[in-house]
Number of protein chains: 2
Amino acid sequence: MGVKERKERQKTEMREAILSAALKLFSDEGYDNVTMRKIADKIEYSVGTIYLYFKDKGEIFYELHNRGFAEFYKRQLSVQHIKDPIERLKAHGEAYIQFAMEYPEYYDVMFISRTPAKEIKKSEHWEEGERTYEILKLNIKQAMEAGYFKDVDLEVAAFSLWSFVHGISALFVRERLSMLPTEFLKPLINRALEFLSRAY
Amino acid sequence: MGVKERKERQKTEMREAILSAALKLFSDEGYDNVTMRKIADKIEYSVGTIYLYFKDKGEIFYELHNRGFAEFYKRQLSVQHIKDPIERLKAHGEAYIQFAMEYPEYYDVMFISRTPAKEIKKSEHWEEGERTYEILKLNIKQAMEAGYFKDVDLEVAAFSLWSFVHGISALFVRERLSMLPTEFLKPLINRALEFLSRAY
DNA sequence: CTCAAAAAATAAACATCGTTCAGTAAATTA
DNA sequence: TAATTTACTGAACGATGTTTATTTTTTGAG
């Protein structure tokens, strides 16, 4: 009698369907322009049904946000195998910005949004943010040991590099770079990363 | 018979009251969380009255956006008298960040807030933003002519420097640096500017 | 297989949003 | 003072997120 199991499975399948529809919509149209009714249309259920699976619109976003942070951290790690410290730092920056461009809604709540949903404030997930900052400092430190960043304070360098990639990400996410055609944007960002990594 | 003049004055006073209330609210709560009714409450008029002075919510934002840029542009110019190109560039960055720290509401509206895109996209006032970008490029170009930034593309350098100061400003304005005590923040920012200007 | 209880889904209703508009009050003019 | 113009209001509209009462579907004991 696997009734309970099937119900469980169906419940998670429905949650996944909602999350998947919401992610696409959020990413295409932005959180505020996505209505619960649009999500409901997309999964071909009525509006009220969504509320059987999620407390409110914010909880849908929160769940996606969690997955975003997990993905963010994973991407930071994915670069750690690179041997050359400067190359690794550059790849680190690339991974950071790529995440922001791929999941602007996530990036927004993580680093830009003024009032993150209540759930997010008290969340343990900012620690994941600090862990990525530690990775950055580690990478800079190893670059120093390899002879780069002479006479530079570690904290100052970390703050500077973070500000730099955040600046690019924030301008992109909040659409202050829309005057640049997309095909020019990515190369420009890459050259900007080179600009910085070649400086030291 | 200065009736017309007084009416004119009253009209602009009302516009100013609306703009001032809106700026504070936008900055405190974010564009989307500010309702027309909140603005109306703050100036102690009914909702409909606002629409006698502004076409819609977006136009209020648009006007604030314009004013921010005017003040911003003035500050950028104030640095142009400095002779040494690298010192001037550094002062330029300082002026930029100082504006953000002094008028976080304006900086927010100008470079961070989600914009009602229609108004601003086609606006001639982004040109004021582009004018400041031209100043930056001019300053970089003169630094190049003085022997700095060798083998660097002008556009890439401008984009990089802008991203850098925007990153710092955005992190400050959106309170992602609140873990740093204020007395450490300014020196840190100064050292970050040095970090970059010393790189080339 | 039947059918009442439980679960799932829905449609309608609610409060609030930006915006509009018919109507009222105030100021101006003749 | 009376008429007209201007300033303002408050109710209404369609759309939003969310809640609720109701209907439909699924379940499992007799």
Side-chain angles (χ1 to χ4, degrees), chain A residues 1-19 21-23 25-26 28-65 105 109 113 115-120, chain B residues 1-19 21-23 25-26 28-64 113-120:
Chain A
M1 204 198 293
V3 172
K4 198 165 271 179
E5 287 77 1
R6 197 197 68 230
K7 290 237 164 173
E8 201 69 27
R9 193 169 359 105
Q10 282 176 340
K11 184 136 194 162
T12 68
E13 269 168 18
M14 182 64 123
R15 277 182 67 94
E16 289 305 315
I18 293 169
L19 287 170
L23 177 58
L25 288 170
F26 286 162
D28 285 354
E29 312 184 17
Y31 183 80
D32 283 319
N33 297 319
V34 174
T35 71
M36 296 300 263
R37 287 164 181 84
K38 276 188 198 169
I39 300 175
D41 278 0
K42 191 149 203 168
I43 60 171
E44 297 179 296
Y45 278 82
S46 74
V47 198
T49 302
I50 296 178
Y51 289 87
L52 303 175
Y53 296 88
F54 292 92
K55 190 170 110 297
D56 55 23
K57 193 181 175 187
E59 196 184 66
I60 298 175
F61 188 83
Y62 177 62
E63 178 59 30
L64 293 173
H65 170 266
E105 291 294 324
V109 181
S113 193
T115 40
K118 283 165 242 164
E119 287 104 359
I120 290 170
Chain B
M1 205 198 291
V3 173
K4 198 165 271 177
E5 287 76 2
R6 197 197 67 232
K7 290 239 163 170
E8 200 72 26
R9 195 171 354 108
Q10 282 174 342
K11 183 137 196 164
T12 70
E13 270 167 19
M14 182 64 121
R15 277 183 67 96
E16 290 306 314
I18 293 169
L19 288 170
L23 177 59
L25 287 171
F26 285 161
D28 286 352
E29 311 184 18
Y31 183 81
D32 282 321
N33 298 319
V34 173
T35 70
M36 296 300 265
R37 287 166 181 84
K38 276 188 200 171
I39 300 175
D41 277 0
K42 192 149 202 167
I43 61 171
E44 298 178 294
Y45 279 83
S46 74
V47 200
T49 303
I50 297 177
Y51 288 87
L52 302 174
Y53 296 87
F54 292 93
K55 189 170 110 295
D56 54 24
K57 194 181 174 187
E59 197 184 67
I60 297 176
F61 184 91
Y62 175 64
E63 178 60 29
L64 292 173
S113 272
R114 280 233 146 77
T115 65
K118 284 169 261 170
E119 319 276 349
I120 290 171

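Remember, it's a predicted structure, so these values are computed and weren't measured experimentally. FYI, side chains are in, hydrogens and waters are out, and symmetry mates aren't considered; it's all heavy atoms of this structure. We name chains A, B, ... by the order of the sequence lines, and we start the count at 1 in each one.
- When the P atom of C:dA9 is taken as reference, atom CZ of A:F54 falls 13 Å away, rounded to whole Å.
- Rounded to an integer number of Å, the gap from CE of A:M14 to P of D:dT26 is 13 Å.
- More than 12 heavy atoms of other shown residues, nucleotides or ligands fall within 6.0 angstrom of atom CD in B:E13.
- Listed candidates were C:dT19, C:dT10, D:dC8. Nearest to the side chain of A:S46 is C:dT10.
- A:T49 has no side-chain polar atom (N or O) that falls below the 4.0 Å cut-off from OP1 or OP2 of C:dA9.
- Between the C1' atom of C:dT19 and the CE atom of B:M36 lies a distance of 8 Å, rounded to the nearest Å.
- With distances taken from any side-chain atom of A:K57 to the nucleotides C:dA8, C:dT19, D:dG17, the minimum falls on D:dG17.
- Regarding contacts with the backbone of C:dA9, a side-chain N or O of A:Y53 is found under 4.0 angstrom from either OP1 or OP2.
- Between the CD1 atom of A:I50 and the P atom of D:dG17 there is a distance of 9 Å, rounded to whole Å.
- If you take NZ on A:K57 and CG on A:D32, they are separated by 6.0 Å, rounding to the nearest 0.5 Å.
- Toward the 5' end of DNA chain C, the nearer of the two residues A:R37 and A:E44, judged by each one's closest nucleotide, is A:E44.
- Regarding A:I39, its CD1 atom lies at a distance of 8 Å from the P atom of D:dG17, rounded to whole Å.
- Using the six-membered ring where Trp is involved, A:F61 and A:Y31 have ring planes that are perpendicular, over 60° apart on the 30 and 60° scheme.
- Following rounding to the nearest Å, B:E59 (CD) and C:dT20 (C1') show an atom-to-atom distance of 16 Å.
- Take A:Y45 and apply the ring-ring contact (aromatic ring centres under 6.0 Å, His included) test, not counting sequence neighbours, and it matches no residue.
- For B:Y51, taking side-chain heavy atoms from C-beta onward, the closest of the listed nucleotides D:dT18, D:dC8, C:dT19 is C:dT19.
- Contact annotation for B:T35: backbone-only contact, meaning every heavy-atom pair under 4.0 Å involves sugar-phosphate atoms and none involves a base.
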